[in-house]
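Here is the structure we will look at.
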Amino acid sequence: DVQLQASGGGLVQVGGSLRLSCKISGFSFDDYAIGWFRQAPGKEREAVSCLSTSDVRTYYGDSVKGRFTISRDNAKNTVYLQMNSLEPEDTAVYYCAADRDLHLDNNWYRNTNNYNYWGQGTLVTVSS
């Protein structure tokens, strides 16, 4: 079975940092798109950052550019999201997701409908 295990969320003050991890099992890490998405109360789920496991392509949402960094460790089948300079607006449940990489444009990577495998979510709360 394909499983995605997200962890690393918590309570942090404004300006602080957190690193989320997404451990993936059940399929080969080759040639997959892995994404971090978030959903705040009353809002739609949105793409935060995505990457391809087979090339250097990455995507960042406008609100996190310059503050968040996505990375991967293929040997550990794990994708990370380093979040710096956190703001109250970053408060949300963060999900990691995966699916076969079709190597299309950023619009494909940030579309939640293109991912069939989802983790359980980890809550990030940024206090002011």
Which heavy-atom pair separates Ala92 from Ala40 by the least distance, and what is that distance?
CB-N, 3.8 Å
Are Val93 and Val79 connected, step by step, through hydrophobic side chains (Ile, Leu, Val, Met, Phe, Trp, Tyr) whose heavy atoms are closer than 4.5 Å?
no
Heavy atoms of Asp31 and Thr53 approach each other most closely as N-OG1, 2.9 Å
To the nearest 0.5 Å, what is the distance between CG (Asn114) and CG (Leu104)?
8.0 Å
Got Leu51 and Arg72 here, is their nearest side-chain heavy-atom distance under 4.5 Å?
yes
Flag, side chain of Ser52 to backbone of Ala33, donor-acceptor distance under 3.5 Å:
no
What about Tyr59 and Phe68, same hydrophobic cluster or not, with Ile/Leu/Val/Met/Phe/Trp/Tyr joined at side-chain heavy-atom distances under 4.5 Å?
no
Out of curiosity, Tyr94 OH to Leu81 CG, how far, rounded to the nearest 0.5 Å?
7.5 Å
Tyr32 ring center within less than 6.0 Å of Tyr117 ring center:
no
Hey, what do you get for OH (Tyr109) to CG (Asp101), rounding to the nearest 0.5 Å?
3.0 Å
Which atom of Arg38 lies closest to which atom of Asp90, heavy atoms considered
NH1-OD1, 2.9 Å
Are the side chains of Ser71 and Gln82 in touch, meaning some heavy atoms are under 4.5 Å apart?
no
Show the atom names and distances, to 0.1 Å, of all donor-acceptor pairs under 3.5 Å that link a side chain in residues 8-25 to residues at least two apart or in another chain.
from, atom 1, to, atom 2, distance (Å)
Ser17, OG, Asn84, OD1, 2.9
Lys23, NZ, Lys76, O, 2.7

Would you compute the distance between atom CZ of Arg67 and atom OG of Ser49 and round it to the nearest 0.5 angstrom?
12.0 Å
Kindly compute the distance separating CG (Asp105) from CG (Asn111), expressed to the nearest 0.5 Å.
10.5 Å
Mind checking whether Leu123 and Val64 sit in one hydrophobic cluster, side chains of I, L, V, M, F, W, Y counted as touching below 4.5 Å?
no
Given the ring of Tyr95, does Arg45 sit roughly above its face, with NZ or CZ under 6.0 Å from the centre of the six-membered ring and within 45° of the axis?
yes
Ring geometry between Phe37 and Tyr115 (parallel below 30°, tilted from 30 to 60°, perpendicular above 60°)
perpendicular
If you count every heavy atom of other residues, nucleotides or ligands that lies below 6.0 Å from Gln3 atom CD, does the total exceed 12?
no
Any chance you could measure Leu4, atom CG, to Thr78, atom OG1, to the nearest 0.5 Å?
10.0 Å
Restricting to non-hydrogen atoms, name the atom on Gln120 and the atom on Ala6 that form the minimum distance, rounded to 0.1 Å.
NE2-O, 2.8 Å
